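First comes the structure, then the notes that go with it.
All values below were derived from every heavy atom in this structure, side-chain atoms included, with hydrogens, water molecules and symmetry-related copies excluded. The structure displayed is predicted, hence computed values, not measured ones.
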Amino acid sequence: MSISLFFLVSGLWLTVLLKDPWLMAGFGGIWLVVLLVRIRRRLVAGIWILFWVVAAFMTCGGSLEPVPGMYRVCEVRSNYVIAESAGSRILFQEEDAGIHDEIEITELEPLEGLKNIGLFDFTAYMQENGVRYRGSGRLVRRSDSLQGQIMSWCRSSPAKLSAFYGIREQETILDRAGLPVLGFLMVTESLLRRRLSTEIIRRLLIPFAIVWGWLFLWPVALMRWVLFRLFRLFDIDRLRAWSLSVLFFLVLMPEKAGSLSLVLPALLQLCSIVRRPAFARCLIVFLQVLYFRSVSLSAAGGYWLLKLLSAASFVLAWFDLQLAPAWDLPGIQLYPAAVLMAAGAFFLIRGLLRQKMSPVFWLCLMLMVCRPQLDPFFHVYLLDVGQGDCTVIVEPFGRSAVMIDAAGNLYRDNTETIILPFLESIGVKQLDALIVSHEDFDHSGAVEEVCRRVQVREVIRDGAQPVPVSYPFEHLLPAREVADENEGSLLSYFSYDGFSYLWPGDAGTMTETQLMETFRQLPVTVLKAGHHGSDTASSPAFLDWLNPDAVLISAGRHNRYGHPSPSVISSLQSRNISRFSTAENGMIHLFSWHGFLFLETAGGQVTRLA
């Protein structure tokens with residue numbers, strides 16, 4: 001019975017996490033086959049079908065579209081709040097709003113943001129929590145509830161906000177996983193076992209946890225901990241209690257199914273129940289990469305260390321002291337592909353050596369750290385910087401890194417929020433060249449800041465300057481006559497693995513005509529559309545002459561220039577040329593290896609171009 005329930009609840013949890021209707025349908029059929037083969041009971045298969053229907057409804061049909069009106073604050077974060085009304089949840093950017101305050105929403109707009117592979121996507125994070133719209137309005141009434149008064153008391157203490165509510169400018173794994181109070185309870189439970197029976201300990205700690213959860217808005221990890229302990233009071237075995245606690249949690253908080261506050265404690269407890277504690281360390285590393293794109297050296301020490309640090313953080317918060325800055329060692333920035341490579345190396349080395357897991361685990365972690373030097377692919381990243389251009393080109397095994405353009409933005413620091421974090425995520429510590437196609441702000445606005453923050457060997461503004469890389473890289477028509485600055489953009493043309501790329505900046509049809517008159521033919525596999533897809537470039541004659549396999553467009557969402565132009569899109573569609581735009585797809589990543597060229601987008605699309 002316990003195994004059957006475990007498989008049913010695990011399938012339900014995974015179904016809620018998938019969200020996409022087609023993926024859910026495919027997974028539902030596969031899991032039904034797994035149950036029939038593993039459990040061999042028709043009743044269990046029938047219950048799974050019921051579970052799947054409920055999960056599909058919760059995920060696809062259970063959310064309501066918000067409408068203007070009165071909303072009540074249900075969550076408070078560092079610089080925004082989440083409010084709800086009649087099952088609908090919205091984001092409201094009011095730093096002074098407190099829990100249970102009432103807000104009058106007059107306008108609603110869909111949440112949208114930049115999407116870059118390897119970087120935190122706030123819009124996706126909000127959507128995972130059931131929030132898809134941003135509201136505008138005003139604060140109508142302050143709450144006089146006890147929970148609201150306690151939060152007001154804690155607002156003056158960053159330590160209390162971090163430990164009690166998980167509100168922090170920069171989240172650590174402790175805050176995101178909701179561990180402070182949970183760690184305190186688990187450490188206290190371990191200490192009391194030396195003097196008291198398990199039943200007495202539960203009767204002492206569960207009431208405390210329930211009262212704490214009510215006062216401090218039910219942290220996700222605490223909710224599941226209380227449910228698990230309540231089921232254990234009825235002498236239910238641990239695996240069944242784990243399954244029931246997850247099941248009830250998904251019913252109570254389906255929008256939190258993918259929260260690290262649920263995933264980390266629940267899976268680590270499962271490792272303990274099935275007596276696989278060695279997997280806990282690997283799980284901590286994997287979840288850090290999945291949620292943070294980095295590995296904390298402190299947290300990699302194991303779950304026992306996380307519990308002790310969490311308990312200490314919880315206790316010190318009462319004295320307005322924060323533990324995190326003192327204990328959190330520098331993290332290792334990782335790209336998700338590194339995890340797959342390390343996992344393969346782990347199983348290979350473990351199978352060959354047949355030794356204990358710990359030394360093999362640390363060896364694979366070292367392989368992940370050295371990932372840029374072990375990467376055999378040629379990469380071209382077209383970053384999503386809004387209305388502007390920024391491209392990063394990385395040679396196999398980290399031999400060189402080149403950036404073409406570094407867009408500035410009047411409303412955010414692209415260097416701080418996008419460019420530097422992305423370079424760190426892929427392990428690029430210096431640039432061999434930073435090519436500035438021309439001096440427009442949306443191409444060169446962040447160049448000085450990038451040069452100040454990153455070691456750049458050479459800044460190239462003149463087409464006559466050679467690019468210091470070992471593969472073919474040149475600027476076409478360097479001495480041509482131009483009518484304006486856009487037409488004078490550097491025309492970056494480079495090749496690798498038998499594929500050729502043309503990055504023309506904001507050059508328009510005049511430059512395109514000169515290219516066609518100068519060169520008999522110009523092999524181009526991938527073209528970045530000139531001038532962000534404007535109709536001043538990418539003429540039909542030029543597209544016919546190049547005949548690229550794909551055209552990339554770097555443009556901001558809902559930009560005031562109307563980029564990309566409908567006429568350019570129509571030209572590409574009529575010629576069956578694949579089109580990818582940062583406005584629609586987020587970051588676009590091209591990577592090649594010995595005659596194979598692949599493309600992936602931040603939106604999750606993966607395709608082979610050649």
Side-chain angles (χ1 to χ4, degrees), residues 19-20 65-66 79-80 90-93 107-136 380-392 404-419 421-422 437 440-446 503 505-506 527-538 550-573 578-590 599-607:
K19 299 182 183 298
D20 183 85
E65 291 294 316
N79 55 4
Y80 65 91
I90 63 164
L91 180 145
F92 182 70
Q93 288 187 296
E107 294 182 9
L108 291 163
E109 60 177 349
L111 271 177
E112 293 181 334
L114 303 179
K115 294 183 178 182
N116 286 284
I117 299 170
L119 302 186
F120 176 69
D121 185 348
F122 180 75
T123 301
Y125 173 67
M126 284 289 98
Q127 290 176 352
E128 290 173 359
N129 288 274
V131 180
R132 293 177 172 81
Y133 287 84
R134 181 196 313 272
S136 301
V380 179
Y381 303 94
L382 182 61
L383 276 62
D384 183 8
V385 292
Q387 184 63 20
D389 266 22
C390 184
T391 301
V392 177
I404 303 177
D405 287 334
N409 190 283
L410 296 176
Y411 306 103
R412 66 173 177 273
D413 186 347
N414 278 345
T415 306
E416 179 69 26
T417 59
I418 301 173
I419 298 175
F422 176 73
S437 65
D440 279 3
F441 186 72
D442 61 342
H443 290 255
S444 65
W503 255 238
D506 279 353
L527 167 69
K528 191 191 76 65
H531 205 178
H532 316 286
S534 166
D535 56 10
T536 62
S538 305
V551 170
L552 312 185
I553 302 172
S554 182
R557 293 167 183 80
H558 311 300
N559 64 83
R560 61 192 178 96
Y561 307 102
H563 297 158
S565 168
S567 62
V568 172
I569 294 175
S570 178
S571 294
L572 295 173
Q573 290 175 340
S578 299
R579 169 180 56 88
F580 301 91
S581 168
T582 56
E584 299 174 3
N585 309 108
M587 175 193 283
I588 302 166
H589 173 208
L590 300 160
L599 179 146
E600 70 168 332
T601 68
Q605 183 177 357
V606 179
T607 185

Side chain to side chain donor-acceptor pair (under 3.5 Å) pairs, two or more places apart, involving residues 109-121 = E112-H558

If only atom types and distance count, is the side chain of [X] paired as donor or acceptor with the main-chain N or O of [Y] below 3.5 Å?
{"X": "T582", "Y": "A555", "value": "yes"}
{"X": "S554", "Y": "G388", "value": "yes"}
{"X": "S570", "Y": "P566", "value": "no"}
{"X": "N409", "Y": "N414", "value": "no"}
{"X": "T123", "Y": "G113", "value": "yes"}

Can you measure from [atom1] ([X]) to [atom2] ([Y]) and round to the nearest 0.5 angstrom?
{"X": "T536", "Y": "H531", "atom1": "OG1", "atom2": "NE2", "value": "5.0 Å"}
{"X": "H563", "Y": "Q387", "atom1": "NE2", "atom2": "CD", "value": "6.0 Å"}
{"X": "I404", "Y": "D389", "atom1": "CD1", "atom2": "CG", "value": "9.0 Å"}
{"X": "E65", "Y": "L108", "atom1": "CD", "atom2": "CG", "value": "9.5 Å"}
{"X": "K528", "Y": "L590", "atom1": "NZ", "atom2": "CG", "value": "12.5 Å"}
{"X": "L527", "Y": "I553", "atom1": "CG", "atom2": "CD1", "value": "9.5 Å"}

Who pairs with [X] by salt bridge (charged side-chain N to carboxylate O under 4.0 Å, His left out), at least two apart in sequence or on another chain?
{"X": "R557", "value": "D384"}
{"X": "D405", "value": "none"}
{"X": "D506", "value": "none"}

request  = Go through the structure and list residues passing side chain to side chain donor-acceptor pair (under 3.5 Å) with Y80, not counting sequence neighbours.
outcome  = none

Within a strict 4.5 Å, meaning less than it, do heavy atoms of the [X] and [Y] side chains meet?
{"X": "R579", "Y": "I569", "answer": "yes"}
{"X": "T601", "Y": "E584", "answer": "no"}
{"X": "F580", "Y": "T607", "answer": "yes"}
{"X": "V385", "Y": "F422", "answer": "no"}

task = Step through the shown structure and confirm whether more than 12 heavy atoms of other residues, nucleotides or ligands are within 6.0 Å of OH on Y561.
result = no

key: Parallel, tilted or perpendicular: rings of F122 and Y125 (30°, 60°)   = tilted

message = Run the ring pair (Phe, Tyr, Trp, His ring centres under 6.0 Å) test against H443 and tell me which residues pass, sequence neighbours left out.
response = H438, H532

